[in-house]
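Protein chains get the first letters and strands the later ones, always in sequence-line order, with residue 1 at the start of each.
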Amino acid sequence: MSSIQEKQQVLIDDFDFIEEWMDKYNHIIEMGKSMTTLSEEEKEEDLLVKGCQSKVWLKAEKKGDNVVFKADADAIIAKGIVAMLIDVFSDQPAKEVAHADLSFLEKMGLKDHLSPTRANGLMSMITQMKYYALVFAG
Amino acid sequence: MSSIQEKQQVLIDDFDFIEEWMDKYNHIIEMGKSMTTLSEEEKEEDLLVKGCQSKVWLKAEKKGDNVVFKADADAIIAKGIVAMLIDVFSDQPAKEVAHADLSFLEKMGLKDHLSPTRANGLMSMITQMKYYALVFAG
Amino acid sequence: MAYNVHDIRAQFPILNQTIHGHPLVYLDNAATSQKPLAVINAISDYYLNYNANVHRGVHTLSQRATDGMESVREQVRAHINAKEAAEIIFTRGITDSINTIAFGLSSIVKKGQNVVITEMEHHSNIVPWQMLCERTGAELRYFPVNAQGELVINDVDTIIDEDTAVVSFNHISNALGTINPVQLLLKKAQSVGAWTLVDGAQSGPHAMVDVQDWGVDFFTLSSHKMYGPTGLGILYGKRERLEALPPYQGGGEMIETVTMEKSSYAGIPHKFEAGTPHIEGIIGFGAALTFVNELGIENIAAHEAELLAYAVEQCSPIEGFRIIGDSMHKASVLSFVVDGTHPYDLGVLLDQQGVAIRTGQHCTQPIMDAFCVTGTARASFALYNTKEEVDLFKAALEKAVNMLK
Amino acid sequence: MAYNVHDIRAQFPILNQTIHGHPLVYLDNAATSQKPLAVINAISDYYLNYNANVHRGVHTLSQRATDGMESVREQVRAHINAKEAAEIIFTRGITDSINTIAFGLSSIVKKGQNVVITEMEHHSNIVPWQMLCERTGAELRYFPVNAQGELVINDVDTIIDEDTAVVSFNHISNALGTINPVQLLLKKAQSVGAWTLVDGAQSGPHAMVDVQDWGVDFFTLSSHKMYGPTGLGILYGKRERLEALPPYQGGGEMIETVTMEKSSYAGIPHKFEAGTPHIEGIIGFGAALTFVNELGIENIAAHEAELLAYAVEQCSPIEGFRIIGDSMHKASVLSFVVDGTHPYDLGVLLDQQGVAIRTGQHCTQPIMDAFCVTGTARASFALYNTKEEVDLFKAALEKAVNMLK
Ligand SMILES: Cc1ncc(COP(=O)(O)O)c(C=O)c1O
Ligand SMILES: Cc1ncc(COP(=O)(O)O)c(C=O)c1O
């Protein structure tokens, strides 16, 4: 099992353990609150992820073969979601991130709650992450 | 009973007498065939009644207080319908034509068969007749 | 007849469902309304019994469909008291209606003239005019909005002047709920001979409008916001104004004759109705109008006003709760922020509790900018909402705020 | 799976009625098709369960409606084999689609250039180009039609030349039924770098189209002719072509940011989808596509070809019966006159016998002029028509002709 898959499994288990969806959201909110965020200067216009109703900044850096993500958001749930994604995908091999399987979202039950439409930006965030990873992977 | 009303009643009775609608159409076609038509020179562009699928020319003349209609059409059913209307409204006092009641169409059952839509032009013909009559009535 | 909201709700089966285990509380009515059975049945009935293409067909189904469509045109005429049915044009929606007019004015509005809108317009009453101004070189002006969310009209005489070619504004704001002083603005616009348009997106479901009384040139409604089907708008235009405009789209139905060299256009309304119309939508909208008029718009508005007042009263104690747009003259819309939370977070957590509100900019970015908010949360009420729903909304909001702070 | 037309008819309850005491024989399918229960139910289901405004809503109903709409976009993409779903734009109809493109080309087409159509176009593929030519000073040219109702393309190299900016024509003629040599014309158009558009109004229900295989820039379909709801069209456009065009209408959904001074536009498809979409229509159209694809367009086309051949065989002996448009390559349309009778009279008398055909010019006046007829009578077949209906049609036609002669 790759490290990405392991991290996904941890998320799935965490989410499975929490019964009520409001509590799952509490968990997402906590992740958002504890995420390392961007400084005001780092929040550049061109880091904004398109298609989110809240502002989400996503920054990617190359570290060897790995891709490292940093992010911020003005809404706390969006922040929590991007924190979750960073937890799974940051500091992982760019190649793997680029081609990572996304079924964990479904397994977490997230897809029903955050459908891949324009408003919540979940898919936009992932697309953007994969896009960076693809570029870095060469 | 005015002359217009009498003529309408004749039509209603005629139509009532014929049972089958195909036969009623035969009657309309016969009226069309026996109508005095316009000469080719008389068929001027500006006599065309708008809103008929076939071409219908309608000509009106003043004769004392009366209005006299002449008409032609390139489709025989349209011709029959306009012949019927001429039978009722031609050579009648302009004032009466302008304000004539149209319930005879309903009584003839015509409205169900020739609904007042763009295609058949029944209403356009009547509107045009009433318009001429109104102008002549002053 | 007493207003019995529980009987009314029985006409809207969609309301009777649970979302994430909670009863649905649908408070996104300013975005779109739900449809009563009468409308759903009218659509089915149309397709089950008399669907056909209209106008040029001599066969029975085509005539029935045409009669159905044209009788709705007459119904709309009566509803807004237009002079004649030919002044009622069926469009794709309000956006389509406004673009039709803004396009039509391209060779009428000149450089040196100006177009006046307000700061609280929906994008569909901003962007078409920006495009018109770009095409013509005219200037775009607007009435600003005060802290209550009301138009500032002290300066009306400097904003609308002799060079004003067009004045276009909404009757009721979808972002704030403000009811604007239509007649005052129209009077001023008319005094300088401007073309006038009122966007009735939010008046349709909440207020009676008499276009002749207003004397407005153009007025537009959206079916889907008035309990009718999607994909349909109404554009009312005074005959002489419509006749003065060139057609917008070319195609079937809108022409008198076509040769390869030249076409001549039909009269109104057909000149502005190119192509096969949205017949089903028109028939469904007729049923929606009947439904609304049987209840009575005044009764509906009174019911909604009660809900709005109750919601304001219930929510005001919540810490940080701030209404965006608290004019004395409001309809049905409660737009708000809770300091220290993001509207998006509120929307997500309310949804988890079954409560559907809208969050964001409501396609009214300039007024959001004016209020220095990135967006608001908006609860908007319709004829089927109840006080119990307001209670559920308030409880859900409190819970969400507690989680977020 | 055998093609069982009687099972299929059970899906179309509207067919099971009498008109003037006779069983309805609906042969006006080229004007609009009837809708299967699957479509009617999809519409009801939408309004009964998940109606909401799309895209910007975070609440569940809005997400369901958005998912429903966007999954149909993907379904359409697959159906015509577009490269990406963003190349599929929802419009009001074919008329709207073609106007969108013709308007978008206003500042691209120049005086000295020409726009090429054919003599057998529907008005909606003539008038928008006449308007474009009027705006730009470009010249409108067309391929003439021969006595069989086929395009005369010997002169292709003089008609389409280095100055040709646009080539736009229909795949299948609604007036004649002719299937045009799409690929030949496209190849020539592409060789001179022209923008290309194919009007698929009549291909939608009768033929499979692969837009990438064709390499066409724009392709447009009409929902109501393909067993789907009214008020909806599809506009396919190649990404780079769509991106090169300015937006058509301004409003909600189509913008990225709006200030009072300036707006920036969203990417495709949203740039061309201003305003609330016809969500219900889109959902219903998805059900129609599923229905059609389950039967298989090839099977449908084969069934219709059989009916057409049978109808030609049955009607030809009638004295004076003359087919307008008898190309070897035809789909579903039998356009005819009976010498000594007027099409309008035929239409009325057929209707009295329960048979619905269309009469008149079919919004194709130039081709009527070319054939020197004031109009034709047109029987057009769909997937639910039967040989027995052709028999009824033929008997009714004979009776009508006898009455009229
Ligand atoms: C070939 C052709 N093009 C265009 C159209 C126009 O389609 P719509 O009326 O749906 O815009 C039609 C249908 O009437 C047609 O048959
Ligand atoms: C005030 C106002 N104007 C215009 C619109 C646009 O209406 P539509 O999306 O139906 O074109 C809306 C609805 O979103 C609105 O609320």
Side-chain angles (χ1 to χ4, degrees), chain C residues 13-14 19 28 31-32 34-35 40 43-44 47-49 51-53 56-61 92-93 95-96 99 122-124 126-128 130-131 142 224 229-232 249-252 255 257-260 263 274-276 278-281 344 347-348 351 356 358-360 363 365-366, chain D residues 13-14 19 28 31-32 34-35 40 43-44 47-49 51-53 56-61 92-93 95-96 99 122-124 126-128 130-131 142 224 229-232 249-252 255 257-260 263 274-276 278-281 344 347-348 351 356 358-360 363 365-366:
Chain C
I14 192 173
I19 298 289
D28 192 18
T32 201
Q34 299 304 338
K35 321 304 171 198
I40 303 173
I43 294 172
S44 299
Y47 286 135
L48 289 170
N49 292 298
N51 168 63
N53 212 328
R56 299 187 188 276
V58 297
H59 61 79
T60 301
L61 291 191
R92 190 176 58 81
T95 304
D96 192 30
N99 278 278
H122 188 279
H123 292 165
S124 66
I126 301 175
V127 186
Q130 290 181 333
M131 290 168 145
Y142 60 91
H224 72 89
T230 58
L232 183 74
Q249 299 194 324
I255 47 81
T257 60
V258 175
T259 67
M260 277 302 182
S263 302
T276 304
H278 183 10
I279 311 164
E280 167 231 298
Y344 168 76
V348 170
D351 179 57
R358 182 122 318 212
T359 60
C363 293
Q365 204 174 321
Chain D
I14 193 173
I19 299 287
D28 192 18
T32 202
Q34 299 304 338
K35 322 303 170 199
I40 302 172
I43 294 171
S44 298
Y47 285 135
L48 290 171
N49 292 299
N51 169 62
N53 212 329
R56 299 185 187 275
V58 297
H59 60 81
T60 300
L61 290 191
R92 191 174 58 81
T95 305
D96 192 29
N99 278 278
H122 188 279
H123 292 166
S124 67
I126 302 175
V127 185
Q130 290 181 333
M131 289 169 147
Y142 60 91
H224 72 90
T230 59
L232 182 74
Q249 298 194 326
I255 49 81
T257 59
V258 175
T259 66
M260 276 303 182
S263 302
T276 303
H278 183 10
I279 311 163
E280 167 230 300
Y344 168 77
V348 170
D351 179 58
R358 182 122 320 212
T359 61
C363 294
Q365 204 174 322

Considering all heavy atoms of both residues, which atom of [X] and which atom of [Y] are nearest to each other, and what is their separation?
X: D/Thr230; Y: D/His224; result: CA-CB, 3.9 Å
X: D/Ala274; Y: D/Gly251; result: CB-N, 4.0 Å
X: D/Gly231; Y: D/His278; result: O-CD2, 3.2 Å
X: D/Asp351; Y: C/Val58; result: OD2-O, 4.1 Å

Option that, when pairs with chain D are counted at under 4.5 Å, heavy atom only, ranks first among [options]:
options: C/Leu232, C/Asp28, C/Thr359; value: C/Asp28
options: C/Ser44, C/Gly347, C/Gly252, C/Gly281; value: C/Gly252
options: C/Gly360, C/Gly275, C/Ala356; value: C/Ala356

Do you know which of [options] has the most heavy-atom pairs under 4.5 Å to chain C?
options: D/Gln249, D/His123, D/Met131, D/Arg92; value: D/Gln249
options: D/Asn53, D/Thr259, D/Leu61, D/Ile279; value: D/Asn53
options: D/Met260, D/Glu280, D/His122; value: D/Met260
options: D/Asn51, D/Thr276, D/Ile126, D/Val127; value: D/Asn51
options: D/Cys363, D/Pro13, D/Ser263, D/Gly93; value: D/Ser263
options: D/Asp96, D/Ile40, D/Thr95, D/Val258; value: D/Val258

Q: Against chain D, label C/Ile43 side chain, backbone, both or neither, depending on which of its atoms sit under 4.5 Å from a heavy atom there.
A: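 For C/Ile43, side-chain heavy atoms alone lie under 4.5 Å from chain D.
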Q.
Once rounded to the nearest 0.5 Å, what's the spacing between atom NE2 of C/His59 and atom CZ of D/Arg358?
A.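 Here the rounded value is 5.0 Å.
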Q.
Please classify the contact between D/Tyr47 and chain C as side chain, backbone, both or neither, with a heavy-atom cut-off of under 4.5 Å.
A.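 For D/Tyr47, backbone and side chain are both near chain C.
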